[in-house]
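Have a look at the structure below before the remarks.
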Amino acid sequence: MISVRESNVQDTLISNKLDCKLVADPTLLMTSEFWERLSKRSKSVRPKKKYALVYFAYKGILAAAKKYSEENDLDLIVIKDYKKPFCGYKNMKIYDPEDWLSAFYNADIVFTDSYHGVLFSIMFHKHFWTNNRCNRIHWKQPYRQAC
């Protein structure tokens, strides 16, 4: 059995004669309290100062995060998901799911174009900013950012 999260993927598979079911993202099957408990198990993410978190970094999102963090006296931390670190920024290497969750849970604000970055920002009641560059986030209201 094939299951997918996006209706456009389902349409593509069905048009190629592959039966599949549209399902919720598995992260939505658990409560935010469940994810919060996991985030608190992290032993390596222990912030000393309030910070803005960047996940899925690129030039535009880094510029927005840098401006915001400077105006609000926040550290700026980039989750390193590339081989090369982003020069001039504090890069955080994530080794396990608890650390990833903790980075979001402890952030003051999140800058991300990641679906899961937005999802966990909402679950953890964090302000967030998205440029929606990947176009997988669809709002029913006429705005794309919540900060």
Side-chain angles (χ1 to χ4, degrees), residues 1-11 13 20-147:
M1 181 53 130
I2 300 172
S3 61
V4 296
R5 299 176 306 183
E6 289 114 354
S7 59
N8 64 325
V9 175
Q10 181 186 37
D11 294 342
L13 292 175
C20 63
K21 300 288 182 206
L22 188 63
V23 298
D25 186 280
T27 57
L28 295 171
L29 300 177
M30 305 305 289
T31 66
S32 57
E33 290 79 14
F34 170 83
W35 297 115
E36 183 179 333
R37 280 193 306 276
L38 277 182
S39 78
K40 291 180 178 177
R41 290 176 24 186
S42 171
K43 298 204 180 354
S44 62
V45 180
R46 302 280 184 220
K48 295 178 181 160
K49 183 181 174 190
K50 290 185 174 191
Y51 63 92
L53 180 69
V54 176
Y55 180 59
F56 274 29
Y58 60 90
K59 187 177 178 181
I61 208 164
L62 284 168
K66 184 175 182 177
K67 181 178 186 226
Y68 183 90
S69 62
E70 287 172 353
E71 290 173 355
N72 293 279
D73 192 32
L74 300 173
D75 278 349
L76 179 57
I77 297 175
V78 178
I79 291 181
K80 183 184 178 296
D81 51 1
Y82 301 99
K83 292 182 180 179
K84 289 185 176 181
F86 288 93
C87 295
Y89 298 95
K90 289 183 183 179
N91 291 266
M92 177 186 291
K93 202 166 189 180
I94 300 293
Y95 295 101
D96 59 45
E98 289 90 358
D99 290 348
W100 190 89
L101 289 164
S102 185
F104 280 81
Y105 183 77
N106 289 301
D108 203 57
I109 185 170
V110 176
F111 290 79
T112 185
D113 278 356
S114 156
Y115 169 78
H116 288 102
V118 169
L119 183 70
F120 280 99
S121 295
I122 292 168
M123 278 197 218
F124 293 151
H125 306 283
K126 300 296 173 181
H127 291 289
F128 65 92
W129 182 93
T130 182
N131 196 33
N132 201 18
R133 188 173 77 157
C134 63
N135 201 26
R136 291 178 62 197
I137 304 163
H138 300 283
W139 298 104
K140 292 185 182 201
Q141 297 177 6
Y143 62 83
R144 293 190 316 189
Q145 62 186 30
C147 64

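Computed from a predicted model, the values in this text were never measured in an experiment.
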- Item | Test item: L22 and V4 side chains (from C-beta on) under 4.5 Å apart, heavy atoms | yes
The reported gap from CZ in F120 to NE2 in H125 (rounded to nearest 0.5 angstrom) is 13.0 Å
Minimal heavy-atom distance between G117 and T112, with the atoms involved, is C-CG2, 3.6 Å
(message) Please check: side-chain N/O of D96 versus main-chain N/O of E98, any donor-acceptor pairing under 3.5 Å?
(response) yes
Check your understanding: Is the ring centre of W35 less than 6.0 Å from the ring centre of F104?
Key -> no
Is the closest side-chain heavy-atom distance between I109 and K50 below 4.5 Å? no
Contact check, side chains of H116 and Y55, non-hydrogen atoms, under 4.5 Å: no
- Is the shortest heavy-atom distance from the side chain of R5 to the side chain of P26 under 4.5 Å? yes
Rounding to 0.5 Å, atoms OG (S39) and CZ (F34) come to a distance of 11.0 Å
Rounded to the nearest 0.5 Å, the CD1 atom of I79 sits from the NZ atom of K93 at a distance of 13.5 Å
Heavy-atom nearest pair, F128 first then I122, reads CE2-CG1, 3.7 Å
Rounding to 0.5 Å, atoms NZ (K67) and CH2 (W129) come to a distance of 11.0 Å
Q10 meets the side-chain hydrogen bond (donor to acceptor under 3.5 Å, both in side chains) criterion, sequence neighbours left out, with none
Quiz prompt | Side-chain touch L101/S42, heavy atoms, less than 4.5 angstrom | solution = no
**Message:** Contact between L119 and L28 at the side-chain level, heavy atoms closer than 4.5 Å - yes or no?
**Reply:** yes
Tightest non-hydrogen contact, residues F124 and S32, listed as CE2-O, 4.1 Å
Within a strict 4.5 Å, meaning less than it, do heavy atoms of the F111 and L62 side chains meet? no
Between Y95 and D99, the two heavy atoms sitting closest are N-OD2, 4.0 Å
Here the pair of heavy atoms bringing A107 nearest to Y51 is N-OH, 3.4 Å
Nearest heavy-atom contact between L76 and S69 is CB-OG, 3.8 Å
Query raised in the report: Ion pair present between E33 and R37, side-chain N to carboxylate O less than 4.0 angstrom?
Result: no
Q: Would you mind reporting whether F56 and I61 have side-chain heavy atoms less than 4.5 Å apart?
A: no
Here the gap from L53 atom CG to W100 atom CH2, rounded to the nearest 0.5 Å, amounts to 9.0 Å
One should read off an interatomic distance between K40 NZ and N106 CG, to the nearest 0.5 angstrom, of 9.0 Å
(message) Looking at K49 and D73, is there a salt bridge between them, counting it only when a charged N and a carboxylate O are closer than 4.0 Å?
(response) yes
